[in-house]
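Heads up: the structure comes next, in structure tokens.
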Amino acid sequence: EKELSITIPESLDYTEVFDDIFKEYTTHAELTEVKTASLGSLYKLHYRVHLADDRNEKEFLDALRCRNGNLEITMSKQETTVYEL
């Protein structure tokens, strides 16, 4: 799984805006956090995603970038926390 952060303008309805892209490129996509930015003119969306094929990561990001108006997108490995006693 990977962590995905996407910035979108407030004019986009974040609830379904990327559903078709997620359906094409992922086996799992879950919206985990929504945050406003720039005095509410932007939304920062955080997802947990599992790509169907890691070789298509660039194509996936390009599709998202076209949809979000070329605003910031970040994809990283999911952080794992190890607790020690």
Side-chain angles (χ1 to χ4, degrees):
E1 284 197 334
K2 297 193 177 193
E3 298 291 330
L4 175 67
S5 298
I6 307 173
T7 302
I8 64 169
E10 67 177 334
S11 60
L12 288 180
D13 178 8
Y14 65 82
T15 58
E16 298 176 350
V17 68
F18 301 112
D19 285 357
D20 59 327
I21 297 171
F22 289 149
K23 185 175 181 179
E24 182 176 349
Y25 292 99
T26 70
T27 58
H28 173 78
E30 177 186 4
L31 180 62
T32 58
E33 182 180 30
V34 177
K35 187 175 7 176
T36 60
S38 296
L39 300 173
S41 64
L42 299 172
Y43 286 110
K44 292 192 178 270
L45 310 175
H46 299 273
Y47 293 90
R48 186 170 298 124
V49 298
H50 188 272
L51 292 176
D53 185 345
D54 286 337
R55 294 174 294 183
N56 292 334
E57 184 173 316
K58 183 187 180 315
E59 194 176 310
F60 174 57
L61 292 176
D62 286 344
L64 294 171
R65 190 173 51 81
C66 289
R67 184 72 52 89
N68 83 335
N70 213 24
L71 294 171
E72 184 176 284
I73 297 174
T74 305
M75 184 180 284
S76 59
K77 292 181 181 179
Q78 183 178 8
E79 291 186 28
T80 55
T81 306
V82 176
Y83 296 100
E84 293 183 18
L85 295 176

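- Within the 3.5 Å criterion, the main-chain N or O of Leu71 finds a donor-acceptor partner in the side chain of Asn68.
- Each salt bridge (charged side-chain N to carboxylate O under 4.0 Å, His left out) pair with one or both residues in residues 8-23, not counting sequence neighbours, appears once here: Asp20-Arg67.
- Between Arg48 and Glu3, at least one side-chain nitrogen of the basic residue sits less than 4.0 Å from a carboxylate oxygen of the acidic one, meeting the salt-bridge criterion.
- Distance CG/Asp53 to OG1/Thr26: 12.5 Å, rounded to 0.5 Å.
- Other members of the cluster containing Val34 are Leu4, Ile6, Ile8, Leu12, Tyr14, Val17, Phe18, Ile21, Phe22, Tyr25, Leu31, Tyr43, Leu45, Tyr47, Val49, Leu51, Phe60, Leu61, Leu64, Ile73, Met75, with ILVMFWY side chains joined at under 4.5 Å, either directly or via other members.
- What you find for Lys44 and Ala37 is that their closest heavy atoms are CE-CB, 3.9 Å.
- Remark: His50 NE2 to Lys2 NZ distance equals 9.5 Å, nearest 0.5 Å.
- Residue pairs meeting the side chain to side chain donor-acceptor pair (under 3.5 Å) criterion with at least one partner in residues 28-37, sequence neighbours excluded, are absent.
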